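Structure first, then comments.
Every value quoted in this text rests on a predicted model; they were computed, and no experiment measured them.
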Amino acid sequence: MCVGLAAKVVKVKGNIALVDAAGARRQVSAELIENLDPGDYVMVHAGTAIAKISSDDIEETTELLEDL
């Protein structure tokens, strides 16, 4: 099973994004997403932001992970 983490983009520099996932900050590759800006939400898998998601998706994902 693969698990992606929902995260908020804090900063973008080139193809690297600093993201915050539940208080943990880390740098991830942003190569797969065009027009990524601070404040956007992304799904992160294996150190790569793989998709933009909505704030509603963040809430749903957080609730599901808490239930596990």
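At a threshold of 4.5 Å between non-hydrogen side-chain atoms, the residues Val44 and Ile50 do not count as touching. You'll find the side chain of Lys8 stays beyond 4.5 Å of the side chain of Val19, heavy atoms only. Contact of the Ile53 side chain with the Val42 side chain is not registered, since no non-hydrogen atoms from C-beta on lie closer than 4.5 Å.
Residue pairs satisfying the salt bridge (charged side-chain N to carboxylate O under 4.0 Å, His left out) criterion with at least one member in residues 30-43, sequence neighbours excluded, are listed as follows: Asp40-Lys52.
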Practice item. Any chance you could lay out the side chain to side chain contact (heavy atoms under 4.5 Å, CB included) test for Lys11 and Val9, step after step, and finish with the verdict? Key: CA-CA 6 Å; Lys11 180 177 162 183; Val9 176; over 6 Å; no
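The distance from atom CZ of Arg26 to atom CG of Leu5, rounded to the nearest 0.5 Å, is 7.0 Å.
Ile16 and Leu36 are members of different hydrophobic clusters when ILVMFWY side chains are connected at heavy-atom separations under 4.5 Å.
Residues Leu18 make up the rest of the hydrophobic cluster containing Val10, defined by ILVMFWY side-chain heavy atoms closer than 4.5 Å, directly or through other members.
Pairing each heavy atom of Ala6 with each of Ala21, the nearest pair is O-CB, 3.7 Å.
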